Amino acid sequence: MGITVKAVCYKSKVLSNNESPLMLRVTKDRKRKYVSLGISVNPAHWDFSKNEPKTDCPNREYIEMLIADKIKEYSAKIIELKATNQEFTSTSLVEKVKDQRKNLRDL
C-alpha cells in the first residue's frame, strides 16, 4: 500500500514554446494520476535521472519551492487519510486535495 508523490517533467508533451509541463505523479497500488503544477520547463534544463531542475535552470529556486510545497500538501493529506483509516486511491487523493484547496479559497 505504498504511495509516492514525485515531480516529473512530462516530456512526451511539448508545448508551443518548446517547453514541457511539470507534473506531480501520484502513484498508489501501481495506479498513476498526473497533476499539472501549472509551469513548464525546457527539457534541456531538467535532470531526468534525479527528477529535478538542473543547476543552470532559470527560476530553479522557484521551481524547487513550488514542487516542495505541492509534495508537502499531498503528503499532509496522505497522513491525514491514513490516520483516520480512510481508504483512498491516487485519483481520490488528488480530488480531496483539490477540494481542500477550493475550500481554503472560499474562506
Side-chain angles (χ1 to χ4, degrees):
M1 184 164 142
I3 185 160
T4 60
V5 180
K6 294 186 179 186
V8 294
C9 181
Y10 206 67
K11 65 182 175 181
S12 62
K13 180 173 178 107
V14 179
L15 304 174
S16 61
N17 60 358
N18 291 328
E19 293 184 343
S20 296
L22 292 180
M23 311 283 269
L24 274 186
R25 180 178 57 210
V26 181
T27 308
K28 181 173 188 261
D29 300 330
R30 295 185 182 176
K31 305 270 194 258
R32 292 187 193 111
K33 178 74 176 171
Y34 289 91
V35 181
S36 174
L37 289 174
I39 58 173
S40 60
V41 68
N42 188 325
H45 295 294
W46 188 260
D47 187 346
F48 289 95
S49 62
K50 296 179 183 175
N51 276 333
E52 63 183 33
K54 291 182 178 177
T55 55
D56 64 343
C57 178
N59 298 325
R60 180 174 192 256
E61 292 83 18
Y62 171 74
I63 293 170
E64 287 178 334
M65 183 189 71
L66 180 68
I67 290 169
D69 286 346
K70 295 293 182 178
I71 290 175
K72 181 180 172 186
E73 188 176 357
Y74 278 84
S75 297
K77 193 63 168 177
I78 291 167
I79 291 168
E80 176 187 327
L81 291 171
K82 284 184 176 181
T84 58
N85 290 325
Q86 293 182 13
E87 289 294 319
F88 62 95
T89 63
S90 54
T91 304
S92 68
L93 174 65
V94 169
E95 292 302 318
K96 288 177 184 189
V97 170
K98 284 183 181 179
D99 289 345
Q100 180 179 334
R101 267 193 242 137
K102 183 181 179 218
N103 291 340
L104 290 175
R105 274 189 245 132
D106 291 344
L107 293 177

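Owing to the predicted nature of the structure, the values given are computational and were not obtained by experimental measurement.
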Side chain to side chain contact (heavy atoms under 4.5 Å, CB included) between Thr89 and Lys28, worked out: CA-CA 6 Å; Thr89 63; Lys28 181 173 188 261; 5.6 Å; no
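- Between Lys54 and Asp47, the shortest heavy-atom contact is CG-N, 3.8 Å.
- How far CD of Glu87 is from NZ of Lys82: 11.0 Å, rounded to the nearest 0.5 Å.
- The CD atom of Glu73 lies 11.0 Å from the CD1 atom of Ile78; values are rounded to the nearest 0.5 Å.
- Looking at every heavy atom in both residues, Lys13 comes nearest to Pro21 through O-CD, 3.5 Å.
- With Ser92 contributing its side chain and Phe88 its backbone, the two residues share no donor-acceptor pair below 3.5 Å.
- Listed here is the closest heavy atom pair of Ile63 and Pro58: CD1-O, 3.9 Å.
- A pairwise comparison of heavy atoms in Cys9 and Phe48 identifies CB-CE2, 3.7 Å as the closest pair.
- Distance NZ/Lys96 to CG/Asp99: 9.5 Å, rounded to 0.5 Å.
- Ser90 contributes no side-chain N or O that, together with a main-chain N or O of Thr27, makes up a donor-acceptor pair within less than 3.5 Å.
- Considering only residues two or more places apart in sequence or on other chains, Glu80 meets the side chain to side chain donor-acceptor pair (under 3.5 Å) condition with Lys77.
- When all heavy atoms of Leu66 and Leu37 are compared, the pair lying nearest together is CD2-O, 3.9 Å.
- When each of Ile3, Thr4, Leu24 is paired with Tyr74, the side chain to side chain contact (heavy atoms under 4.5 Å, CB included) condition holds for Leu24 and for no other.
- Both Val35 and Ile71 are members of a single hydrophobic cluster when ILVMFWY side chains are connected at heavy-atom separations under 4.5 Å.
- Cluster membership check: Val8 does not share its hydrophobic cluster with Val94, using side-chain heavy-atom separations under 4.5 Å among Ile, Leu, Val, Met, Phe, Trp and Tyr.
- Residue pairs meeting the side chain to side chain donor-acceptor pair (under 3.5 Å) criterion with at least one partner in residues 30-42, sequence neighbours excluded, are Glu19-Ser40.
- Met65 and Met23 end up in different hydrophobic clusters when Ile, Leu, Val, Met, Phe, Trp and Tyr side chains are linked at under 4.5 Å.
- Annotation for Ile39 and Tyr62: closest pair CG2-CE2, 4.4 Å, computed over non-hydrogen atoms.
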